[in-house]
Amino acid sequence: MAVAGVLLKRSVSVVPVLAVVALIAFLLLRFSSGDPVAQLAGDNADPAAIAAIRARLGLDQPLPVQFLHWLWRLLQGDLGTSIVSNQPVSTQIVQRVGPTLAVSLTTIIFSVLVGVPIGVLAAWRRGGWLDRFAMWTSVTGFAVPTFAIGYFWIYLLSMQLGLFPVQGYASLSEGIGRFLWHLTLPTLTLSLVYVALIARVTRTSLLEVLNEDFVRTARAKGLPERIVVFKHALRNAAVPIVSIIGIGVALLIGGVVVTESVFNLPGLGRLTVDSVLARDYPVIQGIIMVFGGAYVAINLLVDISYSFFDPRISAQ
Amino acid sequence: MTATTVIAPASSSVGARTFVRKLLRNRTILFGLGVLALLALVAIFASVMWTVDPSALKPRLRLRPPSAVNWLGTDNLGRDIWSRLIYGSRVSLIVGAVVAVIAVIAGSALGLIAGMVRWIDNILMRMMDGMMAIPAILLAIALIGGLGANLVTICVAIAIPEIPRVARMVRSVVLTVREEAYVEAAVSMGTRLPVLVIRHIVPNILAPLIVQATYIASSAILIEASLSFLGIGMPDEFPSWGNMMADARLYFQIRPGLMLFPGICIALTVLGINRLGDGLRDMLDPRLARSVGGVK
């Protein structure tokens with residue numbers, strides 16, 4: 001009951017945010033320089049043909065009416081038609097979502113698996129070499145552009161050592177080995193900042209918890225340090241760690257766009273850049289909706305997971 | 001004499017001097033200031049420091065190693081790397097500063113309005129939530145797609161996604177300060193709104209605003225580099241560090257320096273500004289330092 005209530009309340013609160021994302025995507029097309037209709041009609045179209053297209057797309061109507069139309073079509077899952085390929089935008093997005101999803105998931109999994117233990121060790125041996133190393137890596141890691149990290153890995157691991165392919169993507173249907181082999185460098189590239197972020201928050205959050213009375217009690221009754229840290233402390237330090245994973249998603253999506261370009265992955269990031277270069281506005285709008293929706297959905301999940309880690313939160 | 005003048009902190013030249021001394025004793029801040037000062041000097045005196053015209057094409061001198069004429073070698077079109085690096089500092093510095101100023105001014109205005117006027121607050125904050133749901137770099141890419149790419153549109157496109165973050169912070173400070181007894185006292189004495197804002201709100205948001213401005217500047221420099229790298233940032237005739245790395249994509253196997261030098265410039269600049277921000281944050285507001293997990 002409590003969980004269902006929280007779920008419902010949070011889900012409803014997401015609706016206005018998505019509506020604003022739709023409004024921004026809508027306004028972007030209307031206020032962009034250059035007439036997309038003229039582009040759609042081609043170079044040799046006469047004014048009558050342009051007016052006809054304008055009427056067909058509903059662009060001759062007042063802005064609020066146009067926005068409601070756009071919302072109505074969105075609700076039916078219709079994201080419009082690409083100017084360049086004439087395909088439905090939703091079809092194009094579905095075709096390109098695979099690599100983006102794959103590299104995002106491997107990055108999140110890898111970052112949690114590496115970042116949390118580093119953070120725990122750094123907090124446990126506070127001021128030790130790992131602590132200092134982790135902190136300095138994160139400080140410098142935040143300063144290096146994602147694409148530069150990508151080329152560093154390409155140079156070191158593929159060109160010099162020949163361990164991984166320089167670029168390209170293999171879908172899961174080509175076998176899990178090939179799939180992961182192609183995803184290794186993009187994942188390493190995207191993970192650096194994310195690992196640093198998670199390690200830092202884990203460390204801070206754990207240090208706070210380790211000062212609590214119940215940790216002292218657990219130690220006093222003679223529990224091994226391993227159990228004190230992992231069973232008592234880490235679970236209570238989980239909420240900030242989970243929330244940084246949610247906040248980091250925006251960072252991750254931004255990084256994906258650049259990383260796909262570096263490694264030539266045929267995902268949504270490449271599609272974004274190609275669409276901007278081709279001024280294919282309907283596709284850009286569709287991508288904004290998809291990424292905005294993903295961000296909102298993931299943060300909704302993160303919010304809901306709080307009640308799992310800290311039952312007190314759902315009671316409120 | 002009004003009550004507000006009594007409560008306002010005394011600002012004297014003595015206070016300012018101890019503040020400066022405190023700044024200069026902090027190694028983190030000193031490092032950040034040093035990097036920024038160096039960058040500013042390079043950007044201002046670029047025309048003296050470059051040895052070869054940064055845009056001059058010398059197809060016969062392509063991809064040359066460092067020499068007496070071309071200190072760091074040449075790129076794939078025979079352009080001098082050292083001179084382009086020097087010139088590129090201008091783009092990064094301008095983008096960082098302009099974006100921070102736009103985002104801070106627009107964000108503070110919106111945050112103030114949201115914090116003061118109840119009925120606007122709800123609408124404005126829902127708009128800000130929606131904007132924050134779109135990743136900054138994606139929104140910037142989309143805006144540039146609409147506006148076209150030049151120095152002005154790039155700055156605007158990078159600044160717009162940062163505005164909600166500033167607005168949120170300013171709003172939360174305004175909401176807290178509003179409840180303070182000294183503000184209530186000032187209001188009940190009939191202090192006018194502009195005076196109220198300048199005397200009580202501004203001193204409270206100044207410190208977090210300065211810290212946030214440094215982070216906005218460094219992230220703007222990174223986003224500009226990424227946009228240029230993707231080919232939708234600064235037009236190719238402007239040497240920017242991002243553009244140089246984009247050009248290096250096909251040639252860095254032969255000359256890793258093509259990628260390495262601009263990369264180091266970006267990283268050092270961003271690192272410097274970030275350290276300045278970290279240092280100021282720890283000094284101005286120790287509470288913030290803990291919640292973000294500050295690096296000592």
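Each chain gets a letter, A, B and so on, in the order the sequences are listed, and its residues count up from 1. As a basis for the values below, the full set of heavy atoms in this structure was taken, side chains included, without hydrogen atoms, waters or symmetry mates.
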Checklist entry - Taking all non-hydrogen atoms of both residues, which atom of P135(B) and which atom of G254(A) are closest, and how far apart? => result CB-N, 4.3 Å
Checklist entry - Among A25(A), A22(A), A143(A), which residue forms the greatest number of heavy-atom pairs with chain B at distances under 4.5 Å? => result A143(A)
Next on the checklist: Is there a side-chain contact (heavy atoms from CB on, under 4.5 Å) between T146(A) and L222(B)? Walk through the geometry before answering.
Outcome noted: CA-CA 9 Å; T146(A) 314; L222(B) 280 178; over 6 Å; no
Checklist entry - P256(B) versus chain A, heavy atoms under 4.5 Å apart: side chain, backbone, both or neither? => result side chain
Item to check | Residue M127(B) versus chain A: region with a heavy atom under 4.5 Å | outcome: both
Checklist entry - For I24(A), is it the side chain, the backbone, both or neither that has a heavy atom under 4.5 Å from a heavy atom of chain B? => result side chain
Next on the checklist: Ignoring hydrogens, what is the shortest heavy-atom contact between A148(A) and M245(B)? Give both atom names and the distance.
Outcome noted: CB-CE, 3.6 Å
Checklist entry - Looking at V296(A), I253(A), I284(A), which makes the most heavy-atom pairs under 4.5 Å with chain B? => result I253(A)
Next on the checklist: Counting only non-hydrogen atoms closer than 4.5 Å, does I141(B) touch chain A with its backbone (N, CA, C, O), its side chain (CB onward), both, or neither?
Outcome noted: both
Checklist entry - If you take all heavy atoms of L277(A) and G231(B), which pair is closest and at what distance? => result CD2-O, 3.8 Å
Item to check | Most chain B-contacting option - heavy-atom pairs closer than 4.5 Å, from F142(A), F147(A), Y295(A) | outcome: F147(A)
Next on the checklist: Quick check: closest heavy atoms across S261(A) and R249(B), and the distance to 0.1 Å?
Outcome noted: O-NH2, 2.8 Å
Checklist entry - How about W82(B): does its CH2 atom have over 12 heavy atoms from other parts shown lying under 6.0 Å from it? => result no
Item to check | Heavy-atom closest contact (V20(A) atom, G130(B) atom, distance) | outcome: CG1-CA, 3.6 Å
Next on the checklist: Given heavy-atom pairs under 4.5 angstrom as the criterion, report whether the side chain, backbone, both or neither of L23(A) touches chain B.
Outcome noted: side chain
Next on the checklist: Is M128(B) close to chain A through its backbone or its side chain, or both, or neither, when contacts mean heavy atoms under 4.5 Å?
Outcome noted: neither
Checklist outcome for this item: What one should report as the nearest heavy-atom pair of V273(A) and L230(B) is CG1-O, 3.8 Å
Checklist entry - Can you say whether P145(A) sits under 4.5 Å from chain B via the side chain, the backbone, both, or neither, judging by heavy atoms? => result both
Item to check | Top of T269(B), I221(B), L138(B), I223(B) for chain A proximity - count of heavy-atom pairs under 4.5 angstrom | outcome: L138(B)
Checklist entry - Can you say whether L207(A) sits under 4.5 Å from chain B via the side chain, the backbone, both, or neither, judging by heavy atoms? => result neither
Next on the checklist: Which atoms of A225(B) are under 4.5 Å from chain A, going by heavy atoms: the side chain, the backbone, both sets, or neither?
Outcome noted: both
Next on the checklist: Heavy-atom cut-off 4.5 Å, strictly under: side chain, backbone, both or neither for L139(B) against chain A?
Outcome noted: side chain
Item to check | Interface moiety of V262(A) toward chain B, non-hydrogen atoms closer than 4.5 Å | outcome: both
Checklist outcome for this item: Given P262(B), S226(B), S219(B), the one with more heavy-atom pairs under 4.5 angstrom with chain A than any other is S226(B)
Checklist entry - Which word best sums up how the rings of F229(B) and Y151(A) line up, parallel for under 30°, tilted for 30 to 60°, or perpendicular for over 60°? => result perpendicular
Checklist entry - Once you round to the nearest 0.5 Å, how far does OG1 of T272(A) lie from CD1 of I137(B)? => result 10.0 Å
Item to check | Minimum side-chain heavy-atom gap I266(B)-V144(A) below 4.5 Å | outcome: no
